[in-house]
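Quick note on labels: first sequence line is chain A, next is B, and so on, each numbered from 1.
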Protein chains: 2
Amino acid sequence: MSDDGGMKRIGSVIRLKPGAAEEYERLHASVWPGVLETLRESNVTNYTIFRKGDLLFSYLEYVGSDLIGDMARISADETTKRWWTLTAPLQEPVPDAGEGEWWSDMAPVFHLD
Amino acid sequence: MSDDGGMKRIGSVIRLKPGAAEEYERLHASVWPGVLETLRESNVTNYTIFRKGDLLFSYLEYVGSDLIGDMARISADETTKRWWTLTAPLQEPVPDAGEGEWWSDMAPVFHLD
């Protein structure tokens, strides 16, 4: 995570299970409106997920002042939880993920404005 | 790459060689001013590199109108080439990189403004 005044840049990584890329991309071509609405209400902006092979990288900018609270709000949202029942079976943590970690937080090592 | 009006979001991935993380982070804590200047002149903004284990992820926003020309300008810059003699030995392409690819371009699969 990179902290720039009030805005935090958050990079994270996870893997797709072998063969899951097509279904993951199909789902993400039309993410449910309720999922997007909860992200926006939770102060998540400029959010992009990229893929190379089975590797997914997520970049987002958090513009709120209560990151833990906003992430908890996303996790508690019923629509988001139903969405995750579709996406979670397609993914697995990277081999060096921490205990219980799903998407692994990445450390910023360089930034240019 | 994700194209948003004139701006392109570019995500790419590479690996660090085993044991190279500390030296890579040391170098990137004080990137040479000439390297940064060339990036700025080449229309690269909001550029962050993240690390998880030996995995490096790069996110940047390209705001020019000649991506190929600007990338060629970066590659031709003498200071940048000297910088790369320090950083290149620390890195290696991901296993599924294309022929001759160094940092691998990642495909955008999702975006929220």
Point to revise | Interface moiety of B:L60 toward chain A, non-hydrogen atoms closer than 4.5 Å | key: neither
Check your understanding: Between the side chain of B:K52 and the main-chain N/O of A:D96, is any donor-acceptor distance below 3.5 Å?
Key -> yes
Review point. Is there a side-chain contact (heavy atoms from CB on, under 4.5 Å) between B:T48 and A:F110 once you walk through the steps?
Key: CA-CA 6 Å; B:T48 309; A:F110 168 75; over 6 Å; no
Exercise for review: Without swapping roles, check the side chain of A:H111 against the backbone of B:I49 for a donor-acceptor pair under 3.5 Å.
Suggested key: no
Exercise for review: Find out whether A:E61 and B:N46 are in side-chain contact, i.e. whether some heavy atom of one side chain is under 4.5 Å from a heavy atom of the other.
Suggested key: yes
Check your understanding: Distance from A:T45 atom OG1 to B:L112 atom CG, nearest 0.5 Å?
Key -> 8.0 Å
**Study point:** Structural part of B:V109 lying under 4.5 Å from a heavy atom of chain A
**Key:** both
Exercise for review: Measure distances from A:A97 to the heavy atoms of chain B and classify the residue's part below 4.5 Å as side chain, backbone, both or neither.
Suggested key: backbone
Point to revise | Validation row, ring centre A:F57 to ring centre B:F50 under 6.0 Å | key: yes
Review point. Is there side-chain contact between A:L55 and B:V13, with heavy atoms separated by less than 4.5 Å?
Key: yes
